[in-house]
Amino acid sequence: MALSFAADSVSLSARQLLCERDDRVLFENLDLDVRNGDLLQLAGPNGAGKTTLLRLLAGLNRDYEGDLLWHAEPLHDCFAEYAANRVYLGHLAAIKRALTPIENLRWLMSPWQNAGLELHEDDLWQALAEVQLGGFEDTPCNQLSAGQQRRVGLSRLALVPAPLWILDEPFTALDVEGVSWLEERIQRQVAAGGAVIITSHHALQGIPSLRRLELGVRATEGRS
Amino acid sequence: MALSFAADSVSLSARQLLCERDDRVLFENLDLDVRNGDLLQLAGPNGAGKTTLLRLLAGLNRDYEGDLLWHAEPLHDCFAEYAANRVYLGHLAAIKRALTPIENLRWLMSPWQNAGLELHEDDLWQALAEVQLGGFEDTPCNQLSAGQQRRVGLSRLALVPAPLWILDEPFTALDVEGVSWLEERIQRQVAAGGAVIITSHHALQGIPSLRRLELGVRATEGRS
Amino acid sequence: MWQWLVRLYHRLGSPKWFYELTGKWIIWLALLSGVGMLVGVVMGLLFAPADYQQGDSFRIIYIHVPAAIIAQSGYMIMAVSGAIFLIWRMKMAAWVARAVAPLGASFCLIALFTGAIWGKPTWGTWWVWDARLTSMLILLFLYFGVMALQRAIESEDASHKAGAILSLVGLVNIPIIKYSVDWWNTLHQPATLKLTERPPMHPDMLIPLLIMIVATYLLFALLVILRTRNEILWHERKRSWIQELPEVAARIKGGQR
Amino acid sequence: MSLVRATVRRDLLLAARNPGEWLNPLMFFLMVAAMFPLAVDPDPAFLAKIAGGIIWVAALLATLLSLDSLYKADVEDGTLEQWLASGESLYMLALAKALVHWLCSGLPLTLMSPVLALMMALPDDAYGALVLSLLIATPILSLLGSVGAALTAGVRSGGLLLSLLILPLYIPVLIFAASAVYHASIGMSFNSQLGFLGAMLALAMCLTPFAAAAALRLNLSR
Amino acid sequence: MSLVRATVRRDLLLAARNPGEWLNPLMFFLMVAAMFPLAVDPDPAFLAKIAGGIIWVAALLATLLSLDSLYKADVEDGTLEQWLASGESLYMLALAKALVHWLCSGLPLTLMSPVLALMMALPDDAYGALVLSLLIATPILSLLGSVGAALTAGVRSGGLLLSLLILPLYIPVLIFAASAVYHASIGMSFNSQLGFLGAMLALAMCLTPFAAAAALRLNLSR
Ligand code: HEM
Ligand SMILES: Nc1ncnc2c1ncn2[C@@H]1O[C@H](COP(=O)(O)OP(=O)(O)OP(=O)(O)O)[C@@H](O)[C@H]1O
Ligand SMILES: Nc1ncnc2c1ncn2[C@@H]1O[C@H](COP(=O)(O)OP(=O)(O)OP(=O)(O)O)[C@@H](O)[C@H]1O
Ligand SMILES: [Mg+2]
Ligand SMILES: [Mg+2]
């Protein structure tokens, strides 16, 4: 797939975002803009609120104050359109352990197919081969190692045509080769005019346009 | 605690170890010796069998052929003694989410106390403070972030007097500060004459005596 | 003697030996049980006299009783092979146990089904909560429990062991269950319908029954062996001796894999 | 293929690969019903009097137990998160999941019920009422239950909690259904009971998916 | 403090912090028993005849459902792995866990049973037999059940599966206990039944922890 995204396809903004968990303010007055070509890494110590913010940005959680805008419209007012333009990959990979990688991937791709993506069986097999799962396509996922299971979920990134990627700790459990594959994928996405928001304790070397958002002071300091 | 272990307290050997999973040989003819002062990192791509080998070495799984020896005696013949001399920390942290870090740590330490370790409440609080959980001691664990929950399990390493540590991907979900704390702990353990066996995709820089065992070819090559 | 036992044990534990040996048995087992059944059925249906009370309907006994007997011994076989697997870690035993479970359950179902069919003309009802019937039903539940557990556990080895543990616990419980059900029944149930008191059977009825029992045992053995051989083929599929088997080699050549 | 259809397909595939999913409720149904003659009195004349009620209680419990797994796996492995992320209607998902659940529990139970009726000496006249009432009312059980399953999906030992939430809601179904069977067994008409059950079914189909969808959303906004 | 004692303490602490663990089985017990008058025939004379059996069936089901969570959480969060790693006796752990389970399910059920008996119009003479039979026999249920819980701890939707495994094994307990209550209610002696239950309890205490320990080991050797 020769990727390339329209120059104004991504426009996600947060305005004066405030988020509390159990009476502890995780972040406040947070302003944020993500446009085409951006790569934003959310950084910060354990418990700073990276996952929390990422889930807000992905639209999975409405428990915040302030505004989240997609093309200047409140995110949850145009959620269907937003959903069709971003892919979210969390800690959990939505992999059914009794099914094979190919069956799992087929389900993962179904919303995109419904939205008009043409996909052949070959594409699926190729995506799995790309994440080094060639030969395991028909092995039930419960027989795969921790890293192999994560790769099944990641293989989706090779197929999905969404301009915005939202990834939570995607490097977890990946070996060196897996890490470099993913880094390259991210780089390609940004180069093609897409955007990526990522949380990771990993350094993300070698990607030029990287922007870091350092979240919060150490969480312990906020204690009462 | 000023750590220091007797010079011959660690002697773990594998001889001609063979392990199959689902008719695929993960490793065979594996010979391995771990003595005081050793730091052994199991490396290899996803699915190579690192976790599997580590669980064998920890004595959690008897599904292998060949010999595992502790001080020249079969491991499972002197298991109680072996267990009192090594600590195992797997993917799962044995943390009850409804309990607080301090309550969890108390349970985790009970076998060592039973074996004669003197432990005061203060020691527990201090161990938690060391992993940056000061202030969260009485917060139920289900309100902690991914990394904070892992830290509860890790805090045990500050207290346990076992010469041999066996750790599976201990850097998962830790932030930079957490990683450097753990690296330093590992270094101290080795310097005090203990031994550490670890699987990690993390580089483990700055520890001089590091030995790496590269496991298996890429798992895909073994396929039929 | 001891030496011989040890050798036998090692042989029994060897899938290759089992496969080759039983390969020669199949045909004989099939022949014997087939002929036995034919003889038994012909004798039972055509030559045995009709029952003076039940008329011809009693003839279903030639299926019912063998099936009931085998359902019970099947459980024993399953539990004992499970124990052998647990104690000596002999894989063959686990495969046998797994092969037996659904077969035993099937015979159990057959016994229940034929019993019900028989009950209608004799008792005027398909089912009563008689002690024997009830304990047969519970046996079916025990079989289903073992099968469901084996199915549910992902890891192959663990599923064998779990099945073995459960069938052993069940084995210890079977006498307790049987006893309690008998006791319960004698307390509650007025003795209106009884199949426990066996009238001394006429030899012309008895002989075909005995023949049928033996033949059904042979059939059961045959089925267990066939299923076990299937397990062997699957688990040892990558071993050279399998690939060199004429029937397998021919398929590999034929490109059927 | 839309995500709803893909999910129905995947869930049926899972049920086919793991037959316990529909066999286990069936066996449980049998076992629970079989406990009563043992605990109470195996006399057929007596059993005939309680057969309809017992069979219905057993069906209800079997459905209840099979509900536990309806959403739990989906929440734990992140499937639900992907659903929500996809922006498709959770209402449709909830309806689809209830349908799959009924296909894997209510339908087999209904088909099996005559065998149990036989064993419990249900009067011949009541067979039709039993099967019909099960056919109409087990979907209600699946629909109502799916709300409970959605609410407790994130809870660890949810099985028991789910039962507590849902049992009270099942009571009207139980009353009408058991009374239909009872009336049939004494030769009376049972149309009005079936009518009520049908009305409840219609109502449940419209309303419960909303509740289930809202409950699912709760699981996600952690 | 030994790991066994620490575990008992921690599990009781968990139960105290999450009262559902012992309240839910109790409520379920009540609800299931309450379903029967609705499904069958609320006439007190009729109820009195079936009360003992029904209460026992309800107790059995409540215990069964509460077993599901006995080991599951421990397997999932790695507690069991640490147990095995510590080299302490799994036999003792299994016994301790069964004890905790009984304290959180069997004991409250027993204490609650007179209330239910009242509602079900159990004859006055049978109260003693009901409470005594529950007191002796619910520990058997916990012990036998813990084997099933250990076997299914690693299985996803274990609740139903567990019931299938364990229900047939519970039948002797049900028969003797229900018969004790019945005999008491018609004014006969029920010593022999209690004697049998006591013998079963002794047997279960000796044997089931072995089976449970072996089953637990399975969950670890992945
Ligand atoms: C579903 C109903 C029935 C079941 C589950 C059942 C079960 C059994 C069982 C377990 C046996 C024992 C076999 C053995 O170990 O020797 C047996 C034997 C027998 N059954 Fe049935 N039975 C049923 C119905 C009937 C009926 C309706 C009749 C006829 C009136 C009948 C007549 C017999 C006879 C004559 C024997 C052989 C007696 C003996 O060898 O002890 N059964 N049945
Ligand atoms: N369910 C919850 N209830 C209350 N507080 C919570 C809950 N989940 C998280 N928190 C709090 O919110 C804070 C942020 O959690 P979050 O998971 O977003 O951290 P994170 O930055 O992703 O950390 P990590 O690097 O460890 O993954 C934590 O300090 C935690 O105490
Ligand atoms: N339960 C199982 N049944 C069958 N095969 C398994 C099972 N668990 C693991 N395997 C196989 O064993 C191999 C080794 O798995 P293991 O978890 O040891 O890998 P690993 O080296 O720890 O990988 P990772 O870096 O991804 O954690 C995998 O290729 C997997 O296919
Ligand atoms: Mg996080
Ligand atoms: Mg691993």
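Quantities reported herein were computed from a predicted structural model and do not represent experimental measurements. Lettering follows sequence order; numbering is per chain, from 1.
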Peer 1: With a sphere of 6.0 Å drawn around CZ of C:Arg89, does it hold more than 12 non-hydrogen atoms of other residues, nucleotides or ligands?
Peer 2: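 It does not: C:Arg89 CZ has 12 such atoms or fewer within range.
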
Peer 1: Is it true that atom OH of D:Tyr182 has more than 12 heavy atoms of other residues, nucleotides or ligands lying nearer than 6.0 Å?
Peer 2: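 Not buried by this count: 12 neighbours or fewer within 6.0 Å.
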
Peer 1: How many angstroms lie between CD in C:Glu154 and CG in D:Asn18, if you round to the nearest 0.5 Å?
Peer 2: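 With rounding to 0.5 Å, CD (C:Glu154) is 9.0 Å from CG (D:Asn18).
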
Peer 1: Which region of D:Ala34, side chain (C-beta onward) or backbone (N, CA, C, O), has a non-hydrogen atom less than 4.5 Å from a non-hydrogen atom of chain C, or is it both or neither?
Peer 2: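 Both backbone and side chain of D:Ala34 come within 4.5 Å of chain C.
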
Peer 1: Check for a donor-acceptor pair, side chain of C:Trp129 on one end and backbone N or O of D:Met119 on the other, with a separation under 3.5 Å.
Peer 2: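 Side chain of C:Trp129 to backbone of D:Met119: a pair is present.
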
Peer 1: Quick one: CG on C:Leu137 to CG on D:Leu30, what's the gap to the nearest 0.5 Å?
Peer 2: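 If we round to the nearest 0.5 Å, C:Leu137:CG and D:Leu30:CG are 7.0 Å apart.
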
Peer 1: Measuring heavy-atom distances to chain D, does C:Phe144 have an atom under 4.5 Å in its side chain, in its backbone, in both, or in neither?
Peer 2: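 Contact with chain D is through the side chain of C:Phe144 alone.
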
Peer 1: To the nearest 0.5 angstrom, please state how far the CH2 atom of C:Trp126 sits from the CG atom of D:Leu118.
Peer 2: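 Between C:Trp126 CH2 and D:Leu118 CG, I get 7.0 Å after rounding to 0.5 Å.
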
Peer 1: What distance separates C:Ile138 CD1 from D:Leu38 CG, expressed to the nearest 0.5 Å?
Peer 2: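 Between C:Ile138 CD1 and D:Leu38 CG, I get 6.0 Å after rounding to 0.5 Å.
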
Peer 1: More than 12 heavy atoms of other residues, nucleotides or ligands under 6.0 Å from CZ of C:Arg227: is that the case?
Peer 2: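 Counting other residues, nucleotides and ligands, CZ of C:Arg227 exceeds 12 neighbours.
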
Peer 1: Roughly how far, to the nearest 0.5 Å, is the CE atom of D:Met27 from the CE atom of C:Met147?
Peer 2: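 Answer for the CE-CE pair, C:Met147 versus D:Met27, is 9.0 Å.
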
Peer 1: Quick one: what part of D:Leu47 sits under 4.5 Å from any heavy atom of chain C, side chain, backbone, both or neither?
Peer 2: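 Side chain only.
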
